[in-house]
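Contents: one structure, followed by commentary.
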2 protein chains.
Amino acid sequence: MNKNKPTSFDIAHRAGVSQSTVSRALRNSPQVKQETIELVHRIAKELNYKVDKAASSLRSQNSATLALLLFEDPTSDDSLINPFFHAMLGSITRACASHGQDLLISFQQLSDDWHADYEDSHKADGLILLGYGDAIDYEPKLKQLAAQGTRFVRWGPQTGSDLGLVIGCDNHQGGYDATAHLLSLGHRRIAFIGTASNHYPEFFQRYQGYVQAQVQHGVAIDPTLQQDAITNEEAGFQATLDLLDRVSGLDAIFAASDLIAIGAIQALKSRGLKVPNDVAVVGFDDIQIARYSSPPLTTVRQDTGLAGKVLVETLLSLIKGDEVAAPTIPTQLIIRRSCHTPDDGQ
Amino acid sequence: MNKNKPTSFDIAHRAGVSQSTVSRALRNSPQVKQETIELVHRIAKELNYKVDKAASSLRSQNSATLALLLFEDPTSDDSLINPFFHAMLGSITRACASHGQDLLISFQQLSDDWHADYEDSHKADGLILLGYGDAIDYEPKLKQLAAQGTRFVRWGPQTGSDLGLVIGCDNHQGGYDATAHLLSLGHRRIAFIGTASNHYPEFFQRYQGYVQAQVQHGVAIDPTLQQDAITNEEAGFQATLDLLDRVSGLDAIFAASDLIAIGAIQALKSRGLKVPNDVAVVGFDDIQIARYSSPPLTTVRQDTGLAGKVLVETLLSLIKGDEVAAPTIPTQLIIRRSCHTPDDGQ
DNA sequence: CTGAAAGCGCTTACAG
DNA sequence: CTGAAAGCGCTTACAG
């Protein structure tokens, strides 16, 4: 079947033109007569001809392929993927398709040589990095990539002194909005669950938004209301239990991610506390599960559809050598039933 | 940076051997002296050399790449991916990595020419098809792939007269186990929610297991207890409301997928029915959400870890030209709180 | 607007 | 165990 795969020479022969002209015509070169272009395309279709990607990449030194590298904390169960990544994956896939790029996907270990694996081998023209993990562990890797001249974009926290091009949402604003919403509902003892340090800068930015909202509303910050957790349900569950053992009078939780929030809700229920009647909960991400948790989760949506598009387009600009900026993706507060709304009598 | 990418000639020069020998040494050919192999590898490492994938693919006519094509019903919201696919994706990714294969990923429309897109262009040596959708719509596509000699494997229902190589779980047994479990808890009015026809053969197989279990337990089949639904929460929600309007005395639901089950639970709650006290619910898949639904969902687990490995390894055998069989992946009943267990006093 | 020719960086017979 | 040579199927100067 594949033995007789047609080449551009076959088309040239049938069309009565040279192979060079076929090559140009297939890419709709303005140099080629419209008539010839149409003829070549017609014959190509008849023969089921497709440009050989390997030959094209080799000659043009351009793979028209991007690589998406996913990574998580090495401690996390590696059969699970953060649902937030899935949404990003869908969006990145579509953006690649619309730009004629193929997408390689891989789960990476911190120990691997990402540059070598993808750029040196010409498998991909650039990398998209996606992951939650300890930013401190991760930093040397980024430095190495930058030093190697790897073209990459990364989803993450924008700090102003970023290694490489970082595209992220407005974590601070999102944290502010979530907290302001809880304050507007009358809550005053609002916990923050999530590791708020430079190890998890996205969470830290959300925490800072949480602090700012309270300061602006004249609520004193009680540092004992912050409890560390990485982004999975287990961690959220355990952190909430620890928090409940430590503090009193809690009336709301702002969880640094939806996964943490879902664990928190389970923990609250396990202690006989009702959500939102006893404790309101707000998450972050708006993953698919958020709508189907019980109660449905109020959360801060990250626009994954836009994010994927921006990641891909920014990377393509970078590869082309254009000047590129790193836009910030806005967030949006999505109100559901995990906290009372003013007009919600429940 | 990439301008001076080293080639096998650079290594040859430094090592004082020919380029052919370098090429052999890099692939650890038994023809090459161990000493030479080691020398070549050492120099390659020093130079950060990586075999150029395009050149290698072009010459060897082998891309060492598989393509994963995902598709869903065109009607479904295309920003969502069935969580079951995510688990498969993780598993397939890992299996590819362990076999030295790159993985291209794409969301496909039924209208696209999958063979041309991947095999004719030498982007991939074979395809993995993953998707839920109407099997009848899908069939002409499979016939076309088979006719074109495309090497592909597919996750789906094994019917005995499959187009191409189909790997799937034991849907019938899974349906039987779920239903037998409900029967053992004393339920007698068990609904099946999911389209049970040749349009959705996996669901149909699960339905047949459901029927068989009841027959064996001497329970008469009431066809009005079956309600169509495709695999998403919306459909499950709506189907359950319709069912509740139509039939009386319902004491359990076997949903053809977890997404349907989650929609069903929402619907039951919206009618003031308690799960499992008023109506028990069992799902199918054991997606991640199942553990965090409220109540946690009893379901039939498909072993996605094994499935991904088997898909990849079967496809690689097919590409190599080996004789291949299509194994069936076993299922496992996972008991949680969405139906009473005999020793669960709740 | 088109063609002849070179060459991308490998792998693989072929010869020794 | 190693080397010289051909060639995978394109793209792209170069020449007209």
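Each chain gets a letter, A, B and so on, in the order its sequence line appears, and its residues count up from 1.
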Separation between the C1' atoms of C/dT12 and C/dG16, rounded to whole Å: 16 Å

What is the nucleic acid contact for A/Gln61, judged by heavy atoms within less than 4.0 Å: base, sugar-phosphate only, or nothing? sugar-phosphate

Under 4.0 Å between a side-chain N/O of A/Thr21 and OP1 or OP2 of C/dT2, yes or no? no

side-chain N/O A/Ser23 vs D/dT11 OP1/OP2, d < 4.0 Å: yes

Please give the distance between the P atoms of D/dC14 and D/dC10 as a whole number of Å. 23 Å

Non-hydrogen side-chain atoms of B/Thr65 and A/Lys123 separated by less than 4.5 Å: no

NZ/NE/NH1/NH2 to OD/OE distance under 4.0 Å, B/Glu38 and B/Arg42: no

May I have the distance from A/Asn62 (atom CG) to D/dT12 (atom C1'), rounded to whole angstrom? 14 Å

Watson-Crick/G-U partner (both atom distances under 3.5 Å) of D/dG16: C/dC1

Please report the distance, rounded to the nearest Å, between CG in A/Asp52 and P in D/dG7. 18 Å

With respect to the phosphate group of D/dC8, does any side-chain polar atom (N or O) of A/Arg59 fall under 4.0 Å of OP1 or OP2? no

Hey, is the side chain of B/Arg24 pairing donor to acceptor with the base of D/dG3 inside 3.5 Å? yes

How do A/Ser8 and B/Val32 order along DNA chain D: which one's closest nucleotide is nearer the 5' end? B/Val32

Check the distance between C/dG9's P and B/Lys5's NZ and give it to me in whole angstrom. 7 Å

Nearest-Å distance, CD1 (A/Ile11) to P (D/dC10)? 8 Å

NE2/A/His41: more than 12 non-hydrogen atoms of other groups inside 6.0 Å: yes

In this structure, how many angstroms lie between the P atom of C/dT12 and the CG atom of B/Leu26, rounded? 13 Å

Spacing between A/Phe9 atom CZ and D/dG7 atom P, to the nearest angstrom: 13 Å

Between A/Gln19 and D/dT11, is there a contact of a side-chain N or O with OP1 or OP2 at under 4.0 Å? no

Can you tell me how far P of D/dC10 sits from NZ of A/Lys53, to the nearest Å? 14 Å

For atom NZ of B/Lys33 and atom C1' of D/dG3, their distance in whole Å: 14 Å

Checking C/dC10, D/dT2, C/dT2 against the side chain of A/Thr36 (C-beta onward), the nearest is C/dT2

Along DNA chain C (nearest heavy atom to each residue), the more 5'-positioned of A/Gly16 and A/Leu58: A/Gly16

Ranking B/Arg27 and A/Ser18 by the position along DNA chain C of their nearest nucleotide, the one closer to 5' is A/Ser18

Give a yes-or-no answer on whether the side chains of A/Thr150 and A/Glu119 include a donor-acceptor pair shorter than 3.5 Å. no

Are A/Glu139 and A/Lys143 within salt-bridge range, i.e. N to O under 4.0 Å? yes

5' priority, DNA chain D, between A/Ala55 and A/Ser20 [closest heavy atom]: A/Ala55

Where the side chain of B/Val17 is concerned, which of D/dC10, D/dG3, C/dT2 is the nearest nucleotide? D/dG3

How long is the straight-line distance from CG of B/Leu68 back to OG1 of B/Thr93, given to the nearest 0.5 Å? 7.5 Å

